Amino acid sequence: MPSLDPPPQEEASSSSASPLPTTLPFPPLTKSHILACSYPSWYSLFRPHTPKARVIPLPATFTSYLRSDGIVLPPSRPGTPRASTSDDEGFFSSSALSSASDSDDEAADPSASWPETHAAIRATLQDLGGAAVPKLNWSCPKDATWISATNSLECRTANDVYLLLKSSDFVTHDLEHAFDECVDFAPPQEGQDIGTVLEQDIDYALVLRKHFRLNPALEFRVFVRRGKVLGMGQRDLNHYDFLFGLRPKLKERILEFWRTEVRGKFSEESYAMDVYVPPPHDRVWVVDFNPWAVRTDPGLWSWLELLTMEDPEEEEEGVEEVVVRLRIGSAEEVGNGKEQEVEEVSHLEDDEEGEEAEETVAGLADTPGPEFRLVMRDDPEAYMFNSTRYSAHKLPRDVVDASQAGAGGMREFADRWKEMLEKQSREANARESDGDDDDDDE
Ligand SMILES: Nc1ncnc2c1ncn2[C@@H]1O[C@H](COP(=O)(O)OP(=O)(O)OP(=O)(O)O)[C@@H](O)[C@H]1O
Ligand SMILES: [Mg+2]
């Protein structure tokens, strides 16, 4: 992944009265921090609070297959022609993926190099009820869903899994750039293979999570810095009226969960924790732990503010549900405070979760304690170029494009970067003085 260093000092400070930060003040990134956020590292600690999943260790033969160019899938059944239309082909037909390197139907079966892994994946899919969402140690192939017939992460066969993993840049990042920016990582010397170097420290694994229909509105990212929750916010960048009424309850549950189940248990002091809080919103599920690093998408926050904000006051144990009936904007804009129809969210575990729609109307404003950000209707933050889906991965691409466009390109990029920092700073100030303000028309 290209460096995310902001533009040079003179670009950022030349025209502004108040000096702007020119680098993001992250603490030094270490391999041990990255490894602590690897799914197989934390899963055993939080298993009772994690949707049903299985971790399959991956041999070097399999990771080499993932790193190799081209997409060659195993035949649907060993020994059968690729054009088979058996049920085992899942969403994808392996015959449809024949490429230049695979011009005849008799290309070698790649799974011959990792038969146990192939068998384990097939058995695990069955064990998980026939449909799972794949992930490597840190990343899910969210950027590759376009290649799936269902446009989703749902996999029904081993070939569905391989196709998503092999099509994903995010997965490639795990395989080739896991320790980028780590101060204690020596990049490979000439002639050394990155895979071999990384695998000295990393036990690669495939995580298969039982697939369920989750409601993206109820996924949140919680930012913890030096052992204190700084804030939290939606992961999905759409506006959901019903979240405003639920905010006090969600916040209380998430903070309580963090205090009782995560604090003192997860080894790291700074990280971004992803949680899912399905109806009836009494139980918090851990989806992921992400490094405190620029590679993690700050979502509705910006890294600049997360890194520079004051430490919060000591946590109040048990934030109360405060009923605050503020009128912000029009009635239509603030919504009715009731949750809309909620998607099915069963199968988090072996036992079923309740699915009743939440009717609590507890207020629309945020309660005291760490700020809980929601997307306002027409919130510009949802549309900022650096806050769109997978922005942490798009930004480096911007840097790459800018660098390829020569000095002019870099200057233009630097200007955009400066504008972005200024905008974030303005918005942080406005938020501080105005509180919830859904009329922001920037
Ligand atoms: N068991 C599941 N069934 C269906 N969808 C799931 C399941 N688990 C996760 N997802 C979806 O996949 C998304 C990505 O999962 P996850 O957060 O683990 O990936 P990630 O690569 O770590 O993402 P990020 O880069 O944002 O940290 C989740 O936000 C959720 O919407
Ligand atoms: Mg993650």
Side-chain angles (χ1 to χ4, degrees), residues 1 33-43 46-47 49-55 124-125 127-145 148 150-156 160-161 164-165 167-175 177-178 205-224 232-238 240 266 268 271-278 285-301 303 343-350 353 387-396:
M1 183 186 277
H33 179 59
I34 296 296
L35 289 171
C37 295
S38 165
Y39 199 101
S41 305
W42 57 260
Y43 176 58
F46 297 99
R47 194 176 175 135
H49 308 287
T50 308
K52 196 173 178 183
R54 299 276 183 272
V55 176
T124 305
L125 285 168
D127 188 35
L128 292 175
V133 167
K135 172 167 179 139
L136 235 53
N137 298 54
W138 298 275
S139 301
C140 192
K142 293 183 300 187
D143 57 329
T145 52
S148 140
T150 58
N151 198 29
S152 79
L153 292 164
E154 183 179 355
C155 293
R156 292 190 168 272
D160 293 343
V161 173
L164 276 178
L165 296 181
S167 306
S168 169
D169 288 342
F170 294 177
V171 167
T172 302
H173 189 273
D174 285 12
L175 291 166
H177 302 280
L206 171 67
V207 182
L208 288 178
R209 300 183 282 192
K210 183 180 173 82
H211 180 267
F212 64 97
R213 283 179 61 209
L214 55 72
N215 183 347
L218 297 168
E219 291 187 83
F220 306 101
R221 182 156 280 185
V222 184
F223 297 93
V224 180
M232 57 194 100
Q234 278 176 244
R235 284 189 74 185
D236 187 67
L237 296 179
N238 287 301
Y240 299 98
F266 188 54
E268 305 308 283
Y271 50 91
M273 175 179 71
D274 294 329
V275 294
Y276 183 53
V277 196
W285 298 87
V286 175
V287 174
D288 201 13
F289 286 97
N290 304 281
W292 190 255
V294 74
R295 70 183 68 185
T296 295
D297 192 332
L300 289 173
W301 294 74
W303 274 121
E343 296 274 5
E344 183 196 347
V345 286
S346 59
H347 309 305
L348 287 175
E349 221 184 12
D350 294 329
E353 279 288 295
S387 293
T388 52
R389 207 161 261 225
Y390 319 138
S391 65
H393 304 270
K394 287 180 179 169
L395 200 55

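Read the numbers this way: they start at 1 and go in the same order the structure lists the ligands and their atoms. Please read these numbers as outputs of a predicted model, since none were measured by experiment.
Using a 4.0 Å heavy-atom cutoff, Asp297 is absent from the residues neighbouring ligand 1. A heavy-atom separation below 4.0 Å is not found between Tyr276 and ligand 1. In this structure, Arg221 has a heavy atom closer than 4.0 Å to ligand 1. Not a single heavy atom of Pro51 sits closer than 4.0 Å to an atom of ligand 1. Ligand 1 lies nowhere less than 4.0 angstrom from a heavy atom belonging to Phe170.
Within the 3.5 Å criterion, the main-chain N or O of Ser38 finds no donor-acceptor partner in the side chain of Asn137. In terms of modelled atom types and a separation under 3.5 Å, the side chain of His33 and the main chain of Glu268 share no donor-acceptor contact.
Exactly one residue among Trp138, Phe46, Phe223 makes a ring pair (Phe, Tyr, Trp, His ring centres under 6.0 Å) with Phe289. That residue is Phe46.
Considering backbone and side-chain N/O of Phe212, one or more are found under 3.5 Å from N/O of ligand 1. An N or O contact shorter than 3.5 Å links Arg209 to ligand 1 by distance. Considering backbone and side-chain N/O of Leu214, none are found under 3.5 Å from N/O of ligand 1.
Inter-residue side-chain proximity for Trp42 and Val286 is flagged as met; some heavy-atom pair is nearer than 4.5 Å.
Of all the heavy atoms in Ser168 and Asp143, the pair that sits closest is OG-OD1, 2.6 Å.
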